[in-house]
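The chain is numbered in sequence order, starting from 1. Reckoned from all heavy atoms, side chains included, excluding hydrogens, waters and symmetry mates.
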Amino acid sequence: ALTPVANLEPVQVGGVIISNATLHNQEEISRKDIRIGDTVLIERAGDVIPKISDVDHSKREGDSKSYSFPRVCPKCGSAALREEGDAVRRCSGGLVCPAQAIERLKHFVSRKALDIEGLGARQIEMFFNDNDLSIREPADIFNIEERDNENSSKLKDRLGWGEKSASNLFEAINSKKEIEFAVLLFSLGIRHVGETAAKLVAAHYLKWT
């Protein structure tokens, strides 16, 4: 999903400096008539997530410009499509899109999915762009120790790593080579297949094959 974000002049809200706020989707932008350069009222939804609650039209410049939602994905150039009945516009590139590939990998190792300790969002981004230990799809995670053994440049010798942290990562990955069917289904990040749907499918089919 392409989620628009407002870039703000930094302002303190509830003791926190806010410089970005989600705009949700095109309908929300149009409904509130938010334009580039506007003076806006910022709130923190639930005292956590910054959002634009109102626009001060009295301070709007006469030549203000409406926001034009992109028709192509800014990451891969694929068409950004909005399906009927859907509020958001989505990249149609699938795993060809590096942004989608990275986010799906992050989901795959997230706490409610495989929950691989030591392999979080930051590490996924690092490995995704790594020449020697590249992780481009879930299967790459499970042979990373084998590939590390074949490389002259070891993970333990890299900045931010050590022998213990590398060993712990390999051990954590190996411990997830057998998981519940429902957890695997959820971890794949299939649209409309959340935890509940994954459990229902797994309870019906019982196994992968």
Side-chain angles (χ1 to χ4, degrees), residues 1-5 16 19-20 22 46 48-50 73-78 80 88 90-203 205-209:
L2 275 65
T3 304
V5 175
V16 177
S19 57
N20 294 295
T22 179
V48 179
I49 303 172
C73 172
K75 291 294 185 180
C76 71
S78 299
V88 301
R90 301 178 186 276
C91 168
S92 61
L95 295 182
V96 170
C97 178
Q100 286 198 57
I102 289 175
E103 291 306 316
R104 290 196 182 198
L105 285 168
K106 288 179 181 179
H107 173 77
F108 187 79
V109 301
S110 64
R111 189 168 300 278
K112 290 186 178 181
L114 261 71
D115 189 21
I116 299 178
E117 188 173 349
L119 190 60
R122 183 170 60 84
Q123 289 79 16
I124 285 293
E125 290 181 2
M126 181 197 78
F127 284 122
F128 188 84
N129 297 302
D130 192 282
N131 291 326
D132 297 320
L133 297 176
S134 177
I135 294 178
R136 292 297 178 117
E137 58 184 50
D140 294 334
I141 295 171
F142 296 100
N143 62 24
I144 194 169
E145 182 177 14
E146 180 182 342
R147 287 185 286 136
D148 185 65
N149 290 333
E150 295 172 352
N151 283 328
S152 56
S153 175
K154 304 296 184 184
L155 179 61
K156 65 180 178 64
D157 298 323
R158 300 189 184 192
L159 182 65
W161 292 86
E163 187 168 350
K164 183 65 174 177
S165 57
S167 175
N168 287 343
L169 174 62
F170 298 148
E171 185 177 335
I173 290 172
N174 289 332
S175 71
K176 301 294 182 175
K177 287 187 174 181
E178 291 188 15
I179 58 173
E180 294 180 13
F181 183 28
V183 174
L184 174 61
L185 279 178
F186 173 71
S187 70
L188 295 177
I190 302 170
R191 194 177 170 195
H192 304 308
V193 180
E195 287 183 275
T196 300
K199 289 177 181 178
L200 289 172
V201 172
Y205 290 102
L206 302 180
K207 58 182 181 179
W208 184 258
T209 55

Apply side-chain contact (heavy atoms from CB on, under 4.5 Å) to the pair Gln123 and Trp161, showing each step before the final yes or no. CA-CA 11 Å; Gln123 289 79 16; Trp161 292 86; 4.0 Å; yes

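- In terms of modelled atom types and a separation under 3.5 Å, the side chain of Asp157 and the main chain of Ser153 share no donor-acceptor contact.
- Contact detail for Ala1 and Val88: the closest heavy-atom pair is CB-CG2, 4.2 Å.
- When all heavy atoms of Ala113 and His107 are compared, the closest pair comes out as CB-O, 3.2 Å.
- Listed for the Lys176 side chain is a donor-acceptor partner under 3.5 Å among the backbone atoms of Leu114.
- The shortest side-chain heavy-atom distance between Ile144 and Phe170 falls under the 4.5 Å cut-off.
- A pairwise comparison of heavy atoms in Lys154 and Asp148 identifies NZ-O, 2.9 Å as the closest pair.
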Problem set entry | Derivation of the side-chain contact (heavy atoms from CB on, under 4.5 Å) call for Arg158 and Leu133 | CA-CA 12 Å; Arg158 300 189 184 192; Leu133 297 176; 3.9 Å; yes

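- Phe108 and Phe142 have perpendicular rings, their planes meeting at more than 60° on a 0 to 90° scale where under 30° would count as parallel.
- Using a 4.5 Å heavy-atom cutoff, the side chains of Leu169 and Leu155 are in contact.
- The pair Glu103-Lys106 meets the salt-bridge criterion, with a side-chain N (NZ, NE, NH1 or NH2) lying under 4.0 Å from an Asp/Glu carboxylate O.
- Atom CZ in Arg104 sits 8.5 Å away from atom CD1 in Ile190 (nearest 0.5 Å).
- Listed for the Lys156 side chain is no donor-acceptor partner under 3.5 Å among the backbone atoms of Ser165.
- Closest of all the heavy-atom pairs between Phe128 and Ser134 is O-OG, 3.7 Å.
- Taking both residues in full, the closest heavy atoms of Ile124 and Leu105 are given as CG2-CB, 3.8 Å, listed atom of the first, atom of the second, then distance.
- Heavy atoms only, all atoms of each residue included: Glu125 and Asn129 are closest at O-ND2, 3.2 Å.
- Not one N or O on the side chain of Ser167 forms a donor-acceptor pair closer than 3.5 Å with the backbone of Lys164.
- Using a 4.5 Å heavy-atom threshold, the side chains of Cys76 and Cys91 count as touching.
- Note that the CG atom of Asp115 and the OG atom of Ser175 stand 9.0 Å from one another [nearest 0.5 Å].
- Residue Asn168 holds its CG atom at 13.0 Å from CG of Leu119, rounded to the nearest 0.5 Å.
- If you take CG on Asn143 and CD on Glu150, they are separated by 8.5 Å, rounding to the nearest 0.5 Å.
- A distance of 11.5 Å separates CG in Leu95 from CZ in Arg136, rounded to the nearest 0.5 Å.
- Atom CD of Glu195 has more than 12 heavy atoms from other residues, nucleotides or ligands within 6.0 Å.
- Atoms CD and OG, on Gln100 and Ser92 in that order, are 8.5 Å from each other to the nearest 0.5 Å.
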